[in-house]
Amino acid sequence: MNAEFHVHLSEAIDLDATLLSGQAFTWKRHNSSYEGLLAGIPATISPVPNNPGELLVKTVSHEGVSPQAVANYFDDGTNYSELRNELRSLDPFCDRAIEYSPGLRLLRQDPWETLVCFILSSCNNVPRITGIVHRLTQLSSRHFPSPEDIVRAGESKLRQAGAGFRAPYLIEAAKMVLDGTVDLAGLRSLPTDEAVKVLMTLPGVGRKVASCVALYGLHKCDAFPIDVWIKKVLQQAYFGGREVELPKLEQFARKHFGSKAGYAQNWLYNWARRSRLADISSATRSRME
DNA sequence: TCGCAGGGGGATG
DNA sequence: CATCCCCCTGCG
């Protein structure tokens, strides 16, 4: 019942940056391949040598996973060369960030999966979150746990999986999704701010997590999640290094980057994390010259 | 050993 | 409002 197929993307993709740098938490790299979940099902993605943009996908089942679905997961419907040009012209920091990882894609993930992963992300790091998610899948026959699975598992099992103090948040959020208090799919039709507001009614979901779910799970491209890293980048790049309140930073970013703010966020975040902010001072100098 | 971390929530003045 | 402290867990 195994499935194996090729996916042709419109251009080369940076799988490390795209799958491992903090927008998704199901992927682990093994040599040149990536093991994780597609449509909640275990899958392996490998680059095809000498064919940039071509991927080999292996899954345990055909269900819900097609070349089109994978291309969509990698946001292949977006014209990235046009997007890069547009954002790079905005300012030297955005320019540098995009130049740093031009093949970074904004993933289009499942809203529930995104919600769970980002509730788990609070006071946590990528490898640990990935580990927790992996153990959660083992509670529910290796696929990503549904809201029913989370409720059924119960707090102690979730804690055993490593969710810690976030365990009750997951259970309560699952209940709210199940009883229709929050209609995740329905949020797609709402403006970003409205969707964020609704998401924040879920336990363990503040503005940052809600914005992440909006961006990565609902593909609200103007959402702009601000964590400590993005905060540092914005302050250093656009505010002369001085302390600026979160709402002001978000207001600035969403105005400055406009409808593509989420893409800018993804690139700036990736740049800040992977270059450890080292490049920012040099970009600042180049702007002064 | 103990403080601390990519966040959120509740209590307090 | 601002500030403080706690919440699991693992790593330095």
Check: F224(A) and L234(A) side chains under 4.5 Å, non-hydrogen atoms: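 Of all side-chain heavy-atom pairs linking F224(A) with L234(A), at least one is under 4.5 Å.
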Shortest non-hydrogen contact between L249(A) and K231(A), atoms and distance: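 For L249(A) versus K231(A), the nearest heavy atoms are CD1-CG, 3.7 Å.
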Which atom of S121(A) lies closest to which atom of F25(A), heavy atoms considered: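 Scanning both residues completely, I find the closest heavy atoms to be CB-CZ, 4.5 Å.
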Contacting residues from residues 197-213 of chain A, given that a heavy atom lies under 4.0 angstrom of DNA chain B: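 Heavy-atom cutoff 4.0 Å gives L202(A), P203(A), G204(A), V205(A), G206(A), R207(A), K208(A), V209(A).
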Nucleic acid contacts - residues 114-131 of chain A versus DNA chain B, non-hydrogen atoms under 4.0 Å: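 S122(A), C123(A), N124(A), V126(A), in order of number.
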Worked verdict on D76(A) versus S10(A) for side chain to side chain donor-acceptor pair (under 3.5 Å): CA-CA 7 Å; D76(A) 207 49; S10(A) 60; 3.2 Å; yes
R105(A) NZ/CZ over Y80(A) ring centroid, <6.0 Å and within 45° of normal: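 Yes, R105(A) sits over the ring of Y80(A).
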Check: Y263(A)/D75(A) side-chain N/O donor and acceptor closer than 3.5 Å: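 Yes, because at least one side-chain N or O of Y263(A) sits under 3.5 Å from a partner of the opposite role on D75(A).
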Short side-chain donor-acceptor distance under 3.5 Å, S122(A) and Y169(A):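 Per modelled atom types, Y169(A) and S122(A) side chains form no pair under 3.5 Å.
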Please give, in whole Å, the distance from [N] [atom2] to [X] [atom1]?
X	N	atom1	atom2	result
F165(A)	dC4(B)	CZ	P	16 Å
E250(A)	dG7(B)	CD	P	14 Å
R166(A)	dT9(C)	CZ	P	9 Å
K231(A)	dG7(B)	NZ	P	11 Å
R135(A)	dC8(C)	CZ	P	16 Å
K157(A)	dC8(C)	NZ	P	19 Å
I132(A)	dG7(B)	CD1	P	15 Å
Q160(A)	dG10(C)	CD	C1'	18 Å

Donor-acceptor pair, side chain of W112(A) and main chain of P145(A), under 3.5 angstrom: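 It does hold such a pair.
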Check: H219(A) side chain, Y216(A) main-chain N or O, donor-acceptor pair, under 3.5 Å: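 Between the backbone of Y216(A) and the side chain of H219(A) there is no qualifying donor-acceptor contact (under 3.5 Å).
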From CA spacing to verdict: ring pair (Phe, Tyr, Trp, His ring centres under 6.0 Å), F252(A), F239(A): CA-CA 10 Å; F252(A) 163 81; F239(A) 294 88; 5.1 Å; yes
Watson-Crick and G-U pairing of DNA chain C, under 3.5 Å, as dot-bracket with | and [ ]: |||||||.||||
Linked, directly or transitively: V48(A) and V70(A) (ILVMFWY side chains, under 4.5 Å):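 No, it is not one cluster - the side chains of V48(A) and V70(A) are not joined through contacts under 4.5 Å.
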